[in-house]
Amino acid sequence: RRILLRERYEMLNCQIAPNVAEALTKKTPIVALESTIITHGMPWPQNLDMAKSVESCVREAGATPATIAVIDGVLKIGLSATDLTHLAQTKNAAKLSRADLALCMAQKKTGATTVAATMIAANFAGISVFATGGIGGVHRGAENSFDISADLRELALTPVTVVAAGAKAILDIPKTLEVLETYGVPVICYRSDVFPAFWSARSSYPAPLRMDEAKEIALAHKMRAELSLSGGQLVANPIPLGDQIPQSEIDPMIAQALTEAAQQKITAKAVTPFLLSRVFDLTQGRSLTANIALVLNNARLAAQIAQNL
Ligand code: PSU
Ligand code: MN
């Protein structure tokens with residue numbers, strides 16, 4: 001089977017980093033990490049610092065990090081320090097979701113994977129746990145724009161447990177929760193009775209499900225596989241209270257960013273990066289500090305879940 005897999009990777013131009021390949025062979029815990037957060041979610045040079053710190057965090061928690069991206073057409077599961085620096089500095093990397101991944105590889109281009117594409121690549125490589133900041137979701141005004149992130153449908157299809165700090169507060173949280181419910185995606189709030197709102201630890205929406213131990217989350221993941229259920233789990237891990245920006249403070253800034261996006265007719269893939277960068281400016285960088293803190297917090301929980309799988 002291993003030889004077959006190797007041939008398949010070569011045919012596809014997929015490279016698994018040596019330490020990730022070793023962890024896969026030895027069945028030691030691995031945590032996948034996305035790269036759109038590096039290229040489209042944060043400014044240089046904090047994006048590179050974050051990418052390195054999140055990998056260290058995973059290692060300290062006893063798992064192997066595997067940051068995923070497409071570099072010159074090669075799907076890499078685990079990036080070298082050179083790749084990471086190159087990607088963090090690249091201005092024109094594509095933002096890859098399910099629709100774009102194979103095309104980017106075929107055209108030998110460079111692209112960063114969103115939650116959806118990272119789930120696909122992780123599952124392909126045999127990695128079950130993935131840590132990110134916040135997933136994409138249903139945008140406010142979706143009843144007119146139909147802007148619903150492909151991340152949600154991916155959670156319905158691909159069996160990876162994704163640890164995020166809830167959905168970004170720039171989104172319509174109740175609609176996002178409704179779509180996840182329709183798709184049969186378990187939304188497991190970690191040690192919380194309410195769904196977290198990314199920069200803020202609490203939203204006003206109750207937790208659809210709650211679990212308090214990484215072990216339980218890992219067991220639920222296994223049970224889904226036993227039942228042959230397609231799709232993953234969303235673990236919503238609140239940002240630590242000391243790092244959060246309370247909703248009352250950030251809400252007016254989100255409202256302003258949304259107004260500007262509408263005025264400038266920002267659409268499709270550009271919406272999320274535009275809003276994140278405007279909220280960064282309007283909070284004078286506080287949103288970035290909070291974003292980094294929550295990603296590290298998610299990496300630690302993801303490593304614990306991976307250890308229990
Ligand atoms: N979380 C962050 N920063 C980000 C993203 C998530 O903290 O930049 C990215 C993820 O890659 C996610 C994407 O999959 O935003 C969602 O984009 P869209 O809304 O266009 O589907
Ligand atoms: Mn969208």
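Counting from 1, the numbers follow the sequence of the chain as shown. Everything numeric in this text was worked out from a predicted model, so none of it was measured. Counting convention: from 1, in listed order, for ligands and their atoms alike. In what follows, every heavy atom counts, from backbone to side chain, and hydrogens, waters and symmetry copies are set aside.
By the criterion of a heavy-atom distance under 4.0 Å, the side chain of Asn291, and not its backbone, is placed next to ligand 1. Using a 4.0 Å cut-off between heavy atoms, Met42 makes no contact with ligand 1 at all. Looking at Val271 against ligand 1, nothing comes within 4.0 Å, counting heavy atoms.
Looking at Gly136, Ala165, Ser149, Ala290, it is Ser149 that brings a heavy atom closest to atom 21 (O) of ligand 1. When the heavy-atom distances from atom 16 (C) of ligand 1 to Asp151, Thr114, Asn47, Val138 are ranked, the shortest goes to Asp151. Evaluated by nearest non-hydrogen atom to atom 17 (O) of ligand 1, the leading choice among Glu154, Lys168, Lys269, Lys95 is Lys95.
Taking only nitrogen or oxygen atoms, main chain and side chain alike, Gly134 reaches within less than 3.5 Å of ligand 1. Backbone and side-chain nitrogen or oxygen atoms of Val115 are examined, and one is located within less than 3.5 angstrom of a nitrogen or oxygen of ligand 1. In terms of polar-atom proximity, Thr113 is not counted as a contact of ligand 1, lacking any N or O under 3.5 Å from an N or O of the ligand.
Nearest protein heavy-atom neighbour of atom 7 (O) of ligand 1: Phe198 CZ, 3.1 Å. Residue, atom and distance of the protein heavy atom nearest to atom 11 (O) of ligand 1 are Glu34 OE1, 2.6 Å. Looking only at protein heavy atoms, the nearest one to atom 19 (O) of ligand 1 is Thr272 OG1, 2.7 Å. In terms of protein heavy-atom proximity, atom 8 (O) of ligand 1 is closest to Gly41 CA, 3.3 Å.
Listed here is the closest heavy atom pair of Glu34 and Thr114: OE1-CA, 4.0 Å. Across Ile188 and Ile217, no two heavy atoms sit closer than the pair CG2-CG1, 4.4 Å. Gly232 and Val185 make their closest contact through O-CG1, 3.9 Å (heavy atoms, listed as atom of the first residue, atom of the second, distance).
Between Glu60 and Arg300 no salt bridge is recorded (no basic side-chain N to carboxylate O distance below 4.0 Å). The pair Arg210-Asp193 meets the salt-bridge criterion, with a side-chain N (NZ, NE, NH1 or NH2) lying under 4.0 Å from an Asp/Glu carboxylate O. Comment: Lys26 engages Glu22 in a salt bridge, judged by a side-chain N to carboxylate O separation of less than 4.0 angstrom. Ionic pairing of Asp83 and Lys76 is present here: one or more N-O contacts between side-chain nitrogen and carboxylate oxygen are shorter than 4.0 angstrom.
With hydrogens and angles ignored, the 3.5 Å screen pairs a side-chain donor or acceptor of Thr176 with a backbone N or O of Val138. Panel note: side chain Asp243, backbone Ile239; no donor-acceptor pair is recorded below 3.5 Å. Formation of a donor-acceptor pair under 3.5 Å by the Ser203 side chain with backbone atoms of Tyr205 is found in this model.
Closest to the Mn ion (ligand 2) among the N, O or S atoms of Asp147 is OD1.
Of all atoms in ligand 1, numbered sequentially from 1 with element shown, those under 4.0 Å from a heavy atom of Gly133 are 7 (O). Listed by atom number, the atoms of ligand 1 under 4.0 Å from Thr36 heavy atoms are 11 (O). Proximity to Leu276 (heavy-atom distance under 4.0 Å) selects the following atoms of ligand 1: 3 (N), 4 (C), 8 (O). Of all atoms in ligand 1, numbered sequentially from 1 with element shown, those under 4.0 Å from a heavy atom of His139 are 19 (O).
A heavy-atom distance below 4.5 Å is found between the side chains of Ile170 and Trp199.
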